[in-house]
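All remarks here apply to the structure that follows.
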Amino acid sequence: QVQLVESGGGLVQAGGSLRLSCAFSGSTFSRYAMAWIRQAPGKEREFVAASSWSDGYEYYADSVKGRFTISRDDATTTVFLDANSLQPEDTAVYYCAAQSWGCSGSGCYDLNEYDFWGQGTQVTVFS
């Protein structure tokens, strides 16, 4: 069974940076597309970024493009989210998610396509 454990969240001033990590275990890491999804208080879960082996692309929400970067380390089976120029509207619980057999195009943005989810890590940005 796939297990995902996030870490790296915290309290940061606007304009600051954080690096979130997600440790993957329980299956073959390279077979999965990995994504970060967030949920702000009182709002629905929102796609942030995804990385897929199947097409070699990275996908980003418009709201984070140019500020956030997703990366993956197959050797340590870890996926990262480098979040820069953080703003109060980035405050949310950030979840790591995995999609079996990769993804491409619109499938990478569809939260219903992700099979496994972590417990989340809180990011709070204050101004």
- prompt: Under the side-chain hydrogen bond (donor to acceptor under 3.5 Å, both in side chains) test, which residues partner Ser100, sequence neighbours left out?
  reply: Asp115
Compile the donor-acceptor pairs under 3.5 Å between side chains in residues 118-127 and protein atoms, sequence neighbours left out, one pair per line.
residue, atom, partner, partner atom, Å
Thr121, OG1, Gly9, N, 3.1
Gln122, NE2, Ala92, O, 3.4
Gln122, NE2, Thr124, OG1, 3.3

message: Can you give me the closest heavy-atom contact between Ile37 and Trp117, atom names plus distance?
response: CD1-CH2, 3.7 Å
- request: Starting at OG of Ser106, measure out to CD of Glu113 and round the result to the nearest 0.5 Å.
  value: 8.5 Å
- prompt: Taking C-beta and beyond as the side chain, do Tyr114 and Cys108 meet within less than 4.5 Å on heavy atoms?
  reply: yes
- request: Mark yes or no for whether Asp90, through its side chain, and Gln87, through its backbone, hold a donor-acceptor pair below 3.5 Å.
  value: yes
Side-chain donor/acceptor pairs under 3.5 Å, residues 24-35, sequence neighbours excluded:
residue, atom, partner, partner atom, Å
Ser27, OG, Tyr32, OH, 3.2

- prompt: Between Asp73 and Ala75, what is the shortest heavy-atom contact and its length?
  reply: OD1-N, 2.9 Å
- request: Please examine the side chains of Arg19 and Ser7, heavy atoms only from C-beta on, and report whether any two atoms are closer than 4.5 Å.
  value: no
field: Thr78 side chain to Thr76 backbone, donor-acceptor under 3.5 Å
entry: yes
statement: Correct closest heavy-atom pair for Gly10 and Leu18 would be N-CD1, 4.0 Å
query: Mind checking whether Val2 and Val79 sit in one hydrophobic cluster, side chains of I, L, V, M, F, W, Y counted as touching below 4.5 Å?
result: yes
query: Taking only residues at least two apart or on different chains, which pairs with a member in residues 59-94 satisfy ring-ring contact (aromatic ring centres under 6.0 Å, His included)?
result: Tyr59-Tyr109
- prompt: Out of curiosity, Cys22 SG to Leu81 CG, how far, rounded to the nearest 0.5 Å?
  reply: 10.5 Å
field: Set of side-chain hydrogen bond (donor to acceptor under 3.5 Å, both in side chains) partners for Ser17, sequence neighbours left out
entry: Asn84
Return all side-chain donor-acceptor pairs below 3.5 angstrom for residues 40-50, not counting sequence neighbours, or 'none' if the list is empty.
residue, atom, partner, partner atom, Å
Arg45, NE, Gln39, OE1, 3.4
Glu46, OE1, Arg38, NE, 2.8
Glu46, OE1, Arg38, NH2, 3.4

message: Same cluster or not: Tyr95 versus Val64, using hydrophobic residues (I, L, V, M, F, W, Y) connected whenever any side-chain heavy atoms lie under 4.5 Å apart?
response: no
- prompt: Below 4.5 Å, heavy atoms only, C-beta onward: do Trp36 and Glu6 meet side chain to side chain?
  reply: yes
message: A side-chain contact here means heavy atoms from C-beta on lying under 4.5 Å apart; do Asp74 and Arg72 qualify?
response: yes
query: Gln3 and Phe116: side-chain contact (heavy atoms from CB on, under 4.5 Å), yes or no, with the steps?
result: CA-CA 7 Å; Gln3 291 189 322; Phe116 302 97; over 6 Å; no
